[in-house]
*Asks:* 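Quick one: structure below, then a few questions.
One-based numbering, in listed order, for ligands and for the atoms of each. Every value quoted in this text rests on a predicted model; they were computed, and no experiment measured them.
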Amino acid sequence: MDLGLKGKRALVCASSKGLGLGCAEALAAEGVDLVMNARGPDALEAQAGQLRAEHGVDVQTVACDVTTAEGQAQVIEAAQGVDILVTNAGGPPPGLWSDWDREDFIKALDANMLTPIAFMKALLPSMMDKGWGRVVNITSQSVRAPIAVLGLSNAARTGLTGYVAGTARQVAPYGVTINNLLPGIHATDRADSLDAGVSAQKGISLDEARAERAATIPARRYGTRQEFGATCAFLCSQHAGFIVGQNILLDGGATNLTM
Ligand code: NAD
């Protein structure tokens, strides 16, 4: 299927690895020029070079932390006029409900709620002027069903979801869609580090920890960044213009919900 995206330009935040990289790869394969961002320049430049070579697209890179005001300013300057925005950043640390104080919440809200909102505020107006645009926010399955140890993430991402629910309906008349993609467990560095923690805590091997977690997913495996990226590219496509303000769960059936 031709997604009708050739010649569009996208900003994909936090995209040198994992789910953000999956989105950048899938968009580049459709002929989309990119602004890619990540904290470390080495992996970022390596991935950008690979996408230029494989797909012949233009790729600009901005190495910085997107959760800081300075980082946001640098990325927004490079991304002026983009047609597509994919927001992403690392998730907050785990803990117990009684562990967190005001500063912990402010950090989590900054990273996983106020950062994507800052990018939308800066980049939606030119999409609306052009009469076409796509925003995909990478959030989490924890928006549909809480993950108790990730209380900071549950709180910040649910706040973002509320903001998107209203904003998506305000920008839809201008041909701009905003939707959220909710990852369940995917095979990325983040999943590896969570599994390493379980392996150390239970005294089992990393493979055993992975197999235990995979057994809790009806699909009996982790998702891949390629599957995640393909869904993101479809949400950005010409065919997805009537999908507005939705929360799309990609979790192999792990969240036990009827709707
Ligand atoms: P990852 O650790 O594999 O990839 C992280 C990427 O983001 C790297 O390129 C890193 O440089 C970049 N990055 C992280 N923080 C950044 C920042 N502040 N500024 C700029 N770049 C930054 O992570 P992932 O597994 O791809 O997860 C992406 C998001 O999805 C995270 O918010 C994570 O919490 C969430 N999530 C992931 C899973 C999963 O199973 N992988 C499940 C649910 C939610």
*Asks:* Going by an N to O cut-off under 4.0 Å, is there a salt bridge joining Asp83 and Lys130?
*Replies:* yes
*Asks:* Tell me whether ligand 1 is touched by Gly184 - counting only heavy atoms on the residue side and a distance under 4.0 Å.
*Replies:*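 Per 4.0 Å heavy-atom rule, Gly184 contacts ligand 1.
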*Asks:* Taking heavy atoms and a distance under 4.0 Å, where does Thr139 meet ligand 1: side chain, backbone, both or neither?
*Replies:*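 Just the backbone.
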*Asks:* Arg157 heavy atoms, cut-off 4.0 Å: which ligand 1 atoms fall inside?
*Replies:* 31 (C), 32 (O), 33 (C), 34 (O), 35 (C)
*Asks:* Nearest heavy atom to atom 13 (N) of ligand 1: which of Ala14, Ser193, Ala63 does it belong to?
*Replies:* Ala14
*Asks:* Under 4.0 Å from ligand 1, counting heavy atoms only, is it the side chain of Ile138, its backbone, both or neither?
*Replies:* side chain
*Asks:* Check for me whether Arg39 has a heavy atom closer than 4.0 Å to any atom of ligand 1.
*Replies:*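 Contact check Arg39 vs ligand 1: positive.
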*Asks:* Does Thr68 come within less than 4.0 Å of ligand 1, judged by its heavy atoms?
*Replies:*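 Thr68 does not count as a contact of ligand 1 under the 4.0 Å cut-off.
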*Asks:* State, yes or no, whether a side-chain contact exists between Asn137 and Leu160 at a heavy-atom distance under 4.5 Å.
*Replies:* yes
*Asks:* Tell me yes or no: between the side chains of Gln80 and Ser126, is some donor less than 3.5 Å from an acceptor?
*Replies:* no
*Asks:* Are Glu208 and Lys202 close enough for a salt bridge, meaning some N to O gap below 4.0 Å?
*Replies:*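 Judged by the 4.0 Å cut-off on N to carboxylate O distance, Glu208 and Lys202 do not form a salt bridge.
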*Asks:* Heavy atom under 4.0 Å from ligand 1: found in Cys64's side chain, backbone, both, or neither?
*Replies:*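 Backbone only.
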*Asks:* For ligand 1, which part of Gln47 has a heavy atom less than 4.0 Å away: the side chain, the backbone, both, or neither?
*Replies:*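 Under 4.0 Å from ligand 1, Gln47 contributes no heavy atoms.
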*Asks:* Suppose I only count heavy atoms of Gly91 and a 4.0 Å limit; which atoms of ligand 1 are within that range?
*Replies:* 31 (C), 32 (O), 34 (O)
*Asks:* Closer than 4.0 angstrom, basic N to acidic O: yes or no for Asp104 and Lys107?
*Replies:*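 Looking at Lys107 together with Asp104, the answer is no, because their closest N to O distance does not fall below 4.0 Å.
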*Asks:* If the plane angle is over 60° it's perpendicular, under 30° parallel, otherwise tilted; pick one for Phe234 and His239.
*Replies:*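 Parallel.
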*Asks:* By number and element, which atoms of ligand 1 are closer than 4.0 Å to a non-hydrogen atom of Ser16?
*Replies:* 8 (C), 9 (O), 11 (O)
*Asks:* In terms of atom number and element, which parts of ligand 1 are under 4.0 angstrom from non-hydrogen atoms of Leu19?
*Replies:* 26 (O), 30 (O), 37 (C)
*Asks:* Quick check on contacts: which atoms of ligand 1 are under 4.0 angstrom from a heavy atom of Asp65?
*Replies:*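 Every atom of ligand 1 under 4.0 Å from some heavy atom of Asp65: 17 (C), 18 (N), 19 (N).
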*Asks:* Please state which option from Leu181, Asn37, Thr188, Leu194 has its nearest heavy atom closest to atom 3 (O) of ligand 1.
*Replies:* Thr188
*Asks:* Flag the pair Glu30 and Arg9 as a salt bridge only when some basic side-chain nitrogen lies within less than 4.0 angstrom of an acidic carboxylate oxygen.
*Replies:* no
*Asks:* Please list the nearest protein heavy atom to atom 29 (C) of ligand 1 with its residue and the distance rounded to 0.1 Å.
*Replies:*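 In this structure, atom 29 (C) of ligand 1 has Asn88 OD1, 3.2 Å as its nearest protein heavy atom.
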*Asks:* Which one of Ala187, Pro183, Ser153 has a non-hydrogen atom at the shortest distance from atom 36 (N) of ligand 1?
*Replies:* Pro183
